[in-house]
Trainee: 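Take this structure first; my questions come after.
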Number of protein chains: 2
Amino acid sequence: MMTMARAATTSDVFNAIAEPQRREILVLLRAGERPVTELAQELGMTQPGASKHLRVLREVRLVRVRGAGKQRLYGLDARGLRPVHEWTGGFERFWNESFDRLDTYVQDLKQTQQEE
Amino acid sequence: MMTMARAATTSDVFNAIAEPQRREILVLLRAGERPVTELAQELGMTQPGASKHLRVLREVRLVRVRGAGKQRLYGLDARGLRPVHEWTGGFERFWNESFDRLDTYVQDLKQTQQEE
DNA sequence: TCATCATATTCCGATATCGGCATGCGTCAA
DNA sequence: TTGACGCATGCCGATATCGGAATATGATGA
């Protein structure tokens with residue numbers, strides 16, 4: 001029993017921001033709190049769709065909710081993004097590296113780099 | 001067959017690093033190139049398991065491969081992590097905020113908006 | 001209380017994902 | 001060529017995910 005096909009990926013921040021629409025929500029919330037319907041409207045998704053993504057973001061505490069009358073105002077709580085920033089920062093010295101010993105391969109890399 | 005239950009999440013970097021074991025692989029590769037079996041061994045996963053994760057990382061170009069005789073040496077190509085670092089960095093101003101006072105929150109927002 | 005607006009939840013079908021296992025493919029050495 | 005090694009791929013079952021539609025819950029005001 002319990003064959004477990006997947007690790008505990010869910011409900012962690014990396015997973016939450018893996019979804020493009022959820023990232024869009026977070027970006028929008030930088031400009032300030034917003035009710036669900038407004039978010040849905042601005043991002044071109046349905047209300048249930050927005051609610052579901054907000055639920056995920058709430059569960060990993062990237063957003064907080066505040067009841068305001070009939071509405072529920074969602075606001076950013078970006079503290080959870082810090083670990084991600086720091087984790088990727090741990091690779092900072094590698095992403096400009098020259099890979100000198102892999103001679104031919106390096107040239108390709110540098111060319112690709114210029115295209116970006 | 002065009003029902004599309006999911007956006008094009010796959011094969012982007014955010015998705016690739018959403019998986020804990022893939023992050024572990026990347027961390028290990030900071031220490032240098034490694035063949036598949038060695039990676040699998042050090043991370044306590046099966047060889048096919050390692051190969052599959054490496055495939056995902058290869059597809060988003062976070063790793064590169066180099067044939068070395070019978071072996072295939074996987075190496076880090078961390079450039080793809082830079083966008084993630086920068087995206088999260090866009091929230092840097094928000095993750096030290098005190099959510100106790102809405103006043104300060106709004107002030108910071110105005111400040112941020114002027115800079116962008 | 002009742003109607004209404006705002007939001008959350010549930011159910012559904014399609015697909016994606018992950019791990020395990022078996023097998024295929026490529027490379028090297030004898 | 002053959003066999004052994006290193007690795008990739010294919011298949012499978014279990015589960016997770018996403019979007020859409022319908023519905024349930026909650027708050028407000030008449």
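Everything quoted here is computed from the prediction, not taken from an experiment. Just so we're on the same page: letters track the sequence lines, and every chain starts at 1.
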Trainee: Identify the pairs formed between an N or O of the protein and an N or O of nucleotides 21-27 of chain C at a distance under 3.5 Å, and give each distance.
Mentor:
none

Trainee: Can you tell me how far P of dA8(D) sits from CE of Met45(B), to the nearest Å?
Mentor: 12 Å
Trainee: Could you work out which one of dT7(C), dG19(D), dA8(D) sits closest to the side chain of Val36(B)?
Mentor: dA8(D)
Trainee: Applying side-chain contact (heavy atoms from CB on, under 4.5 Å), name anything that partners Arg34(A), two or more places apart in sequence or on another chain.
Mentor: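 Once residues adjacent in sequence are excluded, the partners of Arg34(A) under the side-chain contact (heavy atoms from CB on, under 4.5 Å) criterion are Leu28(A), Leu29(A), Ala31(A), Glu38(A), Leu39(A), Glu42(A).
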Trainee: Rounded to whole Å, how long is the line connecting atom CD of Gln71(A) with atom P of dT4(C)?
Mentor: 19 Å
Trainee: Can you tell me which residue pairs pass the ring pair (Phe, Tyr, Trp, His ring centres under 6.0 Å) test with a partner in residues 16-47 of chain A, sequence neighbours excluded?
Mentor: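 Sorted pair list comes back empty.
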Trainee: Report the residues that fulfil side-chain hydrogen bond (donor to acceptor under 3.5 Å, both in side chains) with Glu24(B), sequence neighbours left out, ordered by chain and then residue number.
Mentor: none
Trainee: Tell me, please, which residues at least two apart from Arg55(A) pass salt bridge (charged side-chain N to carboxylate O under 4.0 Å, His left out).
Mentor: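 Listed in chain order: Glu59(A).
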Trainee: Near DNA chain D, counting only heavy atoms under 4.0 Å, which residues of residues 23-31 of chain B show up?
Mentor: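 When residues 23-31 of chain B is checked for heavy atoms under 4.0 Å from DNA chain D, there are no hits whatsoever.
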Trainee: Applying side-chain hydrogen bond (donor to acceptor under 3.5 Å, both in side chains), can you list everything that pairs with Glu92(A), at least two apart in sequence or on another chain?
Mentor: none
Trainee: So which pairs with a foot in residues 13-70 of chain B pass ring pair (Phe, Tyr, Trp, His ring centres under 6.0 Å), sequence neighbours left out?
Mentor: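 Every ring pair (Phe, Tyr, Trp, His ring centres under 6.0 Å) pair that includes a residue of residues 13-70 of chain B, provided the two are not neighbours, is Phe14(B)-Trp87(B).
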Trainee: Search all heavy atoms of Ile17(B) against all heavy atoms of Arg23(B) and return the closest pair with its distance.
Mentor: O-NH1, 2.6 Å
Trainee: With Arg58(A), which residues qualify under side-chain hydrogen bond (donor to acceptor under 3.5 Å, both in side chains), at least two apart?
Mentor: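 Expected list: Tyr74(A).
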